[in-house]
Amino acid sequence: MVFPEDPLSSEKNLDFIRQIIADDLATGRHSSVVTRFPPEPNGYLHIGHAKSVTLNFGVAAEVPGGRCHLRFDDSNPETEDMEYVEAIQRDVRWLGYDWGEHLYFASDYFEDLYGFAVRLIEQGKAYVCSLSEEEIRRFRGTVTRAGTHSPYRERPVHENLDLFSRMRDGEFADGQHVLRAKIDMAAPNMKMRDPLLYRIRHAPHYRTGNDWCIYPMYDFVHPLSDAIEGITHSICTLEFENNRELYDWIIDNVPAPARPRQYEFARLNLNYTVMSKRKLVDLVEGGHAQGWDDPRLPTLAGLRRRGYTPEAIRNFCERIGVAKANSVVDVALLEHTVRDDLNAKTPRVMGVLDPLKVVIVNYPHGKEEELDAPYFPDDPPRMGYRKVPFARDLYIERTDFMEDPPAKFFRLAPGREVRLRWAYLVRCVDVIRNERDEVVEVHCEYDPATRGGDAPDGRRVKGTIHWVSAPHCIEAQVRLYDRLFTEADPEADSEGGLTGSLNPHSLDVVRARVEPGLAGALPGDRFQFERTGYFIADEKDHSPGKPVFNRIVALRDSWKKISAKG
RNA sequence: UGGGGAGUCGUCUAACGGCAGGACAGCGGACUCUGGAUCCGUAUGUGGAGGUUCGAAUCCUCCCUCCCCAGCCA
């Protein structure tokens, strides 16, 4: 979307954030917009973050002169790591966004932040509290009972200054003192009950090393980082609504270089998966997922490896909208945007996931021929044709044959004629079983006059099925992914935690037979295996000599619905 | 039970006192050398009760439900 000249009058369906920005532009409160995406580098980005990324970078791109910063909110030395910084940058870039030179780290502001804290102390608005962690909790009161003042609350300014300085110098042990804002221990908003501003942590920080042993808290760091960078609209999720009062208090009580405002929107939830960092860690560490880039995970690394495209994810984020009501989006919408994108860009090929042998009994032994098949059947010139070899022995999909077919089954069955895609019309004349009475081979006769798939006599066949030549096809490992959980809300039934609703069939590895041209596929190449789904050559495990394909998403399967209804 | 937020088709989301619309999912049909794609059609919704108004999803009152806050995490 493009912002019109006059955002207020001409564009109507703006989400509430964009509406606020349009108003601020119209009233002259701001002449442009500066946003920021502020991840903490202590984990991997997931599709919920993608919503925030597209929102923040999106609105910035829509306003002339707008920009979006990538800022690492790294004020907790114990959990943060450079590995995450790199992974996050990779993911944001992959999503298609560029922060230019606007890469920032809250840890770069530590000295400024310290200065602001000193100013607060000097004004009598902050004090060093020496209560224990447990005491601080008790003194805070409850949501229905006011807290009580810390005995250190009236410590004189000079003493606070001295103590705070010595905290910085490392004279005290972890937990011995904290710096607190002096606000109101009876405030109905718990966040305003003399919130902690600094804590002592004798821990090396991944960027500042041992420069500091006191670290500022989120509520102090965030508004001031925003102000330092000149952020106009600080967009965060709903759980920070209570923090906004404190955000404003901080900005109002230090000589902040700017007056940013915080706005909150509802984070993304998806059904049949989990989004919290904590739960994701549990899945990885519990061995239920194989690393952060497991294709079943909603992490951007996982979705990337699964084969989802950044365009599809961006479209998805655009279509779910931005609002303040908690919601759970149906994962089917995500899958839809993925199919929609892939339908437009992936070449079609043939692959048989569960092979059943077919012998064309009237096709000469040893004969083979090459048939032309378009990569884009709806637009053949786009990529042209490839040659697919045909022979007497073929493989078709086991599910494309039924000995005793129900009505509406248009595929192969005894006596039935079907089209082999781009090849010939064939009719089933015999069925071979093994000693366990399982069908192991199907015999067909082909009509030589139907080469290419069209009958000169104009007769129609209802079904077209895919196939590969047995002597020419190559074997490939195919990983069929399904949702990780069987329950729409995996966190709902708490019995047995998450593992109770894990989908045992979330990964099914099969040995498929694919057309020989796929030997040339490179890691990351995407295809549609006709009638089956979209697949990607795995970035890590695929090689031309050992093809490995991940199923990105299955094709919509209306036969499945028909047969399910009986 | 203190405070802060939120309730519109199954799901997500529009409406800015004036015909409750879109998308996904569903259902039905057309077309098709992918049971894909595409096209057409269709059912389903304003949490509740009052009030204001010619007219209320929208404004007012009361009620109900859900989410967030008592980390030296962010």
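Letters A, B, ... mirror the listed sequences (proteins, then strands); counts begin at 1.
- One donor-acceptor pair, N or O on each side, does fall under 3.5 Å between the base of rG36(B) and the side chain of Asp378(A).
- Residue-level contact check: Glu239(A) touches the backbone only, with heavy atoms under 4.0 Å from sugar-phosphate atoms and none from bases.
- For Arg201(A), no side-chain nitrogen or oxygen approaches OP1 or OP2 of rC72(B) to under 4.0 Å.
- Among the protein residues, Arg460(A) comes within range of the sugar-phosphate backbone only, with heavy atoms under 4.0 Å from sugar or phosphate atoms but none that close to a base.
- If you check rG35(B), rU34(B), rC16(B) against the side chain of Glu530(A), the one that comes closest is rU34(B).
- Taking for each of Arg411(A) and Ile320(A) the nucleotide of RNA chain B with the nearest heavy atom, the 5'-most of the two is the partner of Ile320(A).
- For rG71(B), the O4'-C1' to base torsion is within 90° of 0; the nucleotide is therefore syn.
- Contact annotation: Lys561(A) side-chain N/O to rG26(B) OP1/OP2 distance is under 4.0 Å.
- For the OP1/OP2 pair of rC73(B) and a distance below 4.0 Å, the side-chain nitrogens and oxygens of Lys277(A) include no atom meeting the criterion.
- Salt bridge annotation for Arg138(A)-Glu135(A): absent, with no cationic side-chain nitrogen under 4.0 angstrom from a carboxylate oxygen.
- Residue-level contact check: Ser276(A) touches neither bases nor backbone, having no heavy atom under 4.0 Å from any strand.
- Proximity note for Val178(A) (side chain, C-beta onward) versus rG2(B), rA74(B), rC72(B): the nearest is rC72(B).
- Side chains of Arg155(A) and Leu163(A) form a contact here, defined as non-hydrogen atoms less than 4.5 Å apart.
- For rG36(B), its base never sits under 3.5 Å from the side chain of Asp557(A) at any donor and acceptor pair.
- Nucleic acid contact class of Val461(A) (heavy atoms, under 4.0 Å, all strands): none.
- Here the nucleotide nearest the side chain of Arg137(A), chosen from rC69(B), rA74(B), rG71(B), is rG71(B).
- Close to rA70(B), at under 4.0 Å from its OP1 or OP2, lies no side-chain N or O of Arg193(A).
- Counting any heavy atom pair closer than 4.0 Å across all strands shown, Asn243(A) reaches a base atom.
- The side chain of Thr79(A) places no N or O atom within less than 4.0 Å of a non-bridging phosphate oxygen (OP1 or OP2) of rA74(B).
- Residue Asp219(A) is out of contact with every strand shown, counting any heavy-atom pair closer than 4.0 Å.
- For the pair Arg319(A) and rA25(B), the criterion of a side-chain N or O lying under 4.0 Å from OP1 or OP2 is not met.
- Between Arg71(A) and Glu229(A), at least one side-chain N (NZ, or NE/NH1/NH2) sits under 4.0 Å from a carboxylate O, which counts as a salt bridge.
- Between Phe110(A) and Ser75(A) the shortest side-chain heavy-atom distance falls below 4.5 Å.
- Looking at heavy-atom distances under 4.0 Å, Lys560(A) makes no contact with the nucleic acid at all.
- You'll find the side chain of Tyr114(A) reaches within 4.5 Å of the side chain of Ile214(A), heavy atoms only.
- With rounding to the nearest 0.5 Å, the separation of CZ in Arg531(A) from CD in Glu397(A) is 7.5 Å.
- A heavy-atom distance below 4.5 Å is not found between the side chains of Arg386(A) and Pro347(A).
- Leu270(A) comes within 4.0 angstrom of no nucleic acid atom, judged by non-hydrogen atoms across all strands.
- With salt bridges taken as basic N to acidic carboxylate O contacts below 4.0 Å, one links Arg18(A) and Asp15(A).
- Using a 4.0 Å cut-off, no side-chain N or O of Arg556(A) falls inside it from OP1 or OP2 of rU34(B).
- Not a single donor-acceptor contact under 3.5 angstrom links the side-chain atoms of Asn189(A) to the base of rC69(B).
- Nucleic acid contact class of Ser327(A) (heavy atoms, under 4.0 Å, all strands): sugar-phosphate only.
- Listed candidates were rC73(B), rG35(B), rU34(B). Nearest to the side chain of Asn76(A) is rC73(B).
- Residue Ser558(A) has a polar side-chain atom (N or O) positioned under 4.0 Å from OP1 or OP2 of rG36(B).
- For rC72(B), one of the phosphate oxygens OP1 or OP2 lies less than 4.0 angstrom from a side-chain nitrogen or oxygen of Arg140(A).
- At a threshold of 4.0 angstrom between heavy atoms, the contacts of Tyr534(A) with the nucleic acid are absent.
- Ile465(A) comes within 4.0 angstrom of nothing in the nucleic acid, heavy atoms only.
- Annotation: proximity of residues 330-351 of chain A to RNA chain B (heavy atom, distance under 4.0 Å) is found for Asp330(A), Ala332(A), Leu333(A), His336(A), Asn343(A), Arg348(A), numbered in ascending order.
- Taking the side chain as every heavy atom from C-beta outward, Tyr308(A) and Ile47(A) never approach each other to under 4.5 Å.
- Comparing rA14(B), rA74(B), rA6(B) by their nearest atom to the side chain of Lys324(A) picks out rA6(B).
- Using a 4.0 Å heavy-atom cutoff across all strands shown, Val328(A) reaches sugar-phosphate atoms only and no base atom.
- Considering only the side chain of Asp15(A), rA14(B) comes nearest among rA14(B), rG2(B), rU34(B).
- Taking 4.5 Å as the limit, every side-chain heavy atom of Val426(A) sits out of range of all side-chain heavy atoms of Asp447(A).
- Defined by atom type and a distance below 3.5 Å, a donor-acceptor pair is present between the side-chain atoms of Asn56(A) and Ser52(A).
- Counting any heavy atom pair closer than 4.0 Å across all strands shown, Phe240(A) reaches a base atom.
- Note on Asp73(A): only backbone sugar-phosphate atoms sit closer than 4.0 angstrom, heavy atoms only; bases stay farther off.
- Every stem involving RNA chain B, taken as at least 3 paired positions in a row under the Watson-Crick or G-U wobble test at 3.5 Å, is listed here: B:2-7 with B:64-69, B:10-13 with B:21-24, B:26-30 with B:38-42, B:47-51 with B:59-63.
- A salt bridge does not link Arg314(A) with Glu318(A): none of the charged nitrogens is closer than 4.0 Å to a carboxylate oxygen.
- Taking a cutoff of 4.0 Å between a charged side-chain nitrogen and a carboxylate oxygen, Lys561(A) and Asp557(A) do not qualify as a salt bridge.
- Of the listed nucleotides (rG35(B), rC73(B), rA14(B)), rC73(B) has the atom at the smallest distance from the side chain of Arg199(A).
- Of the residues near RNA chain B, Val143(A) and Gly175(A), the one whose nearest nucleotide (by heavy atom distance) lies more toward the 5' end is Val143(A).
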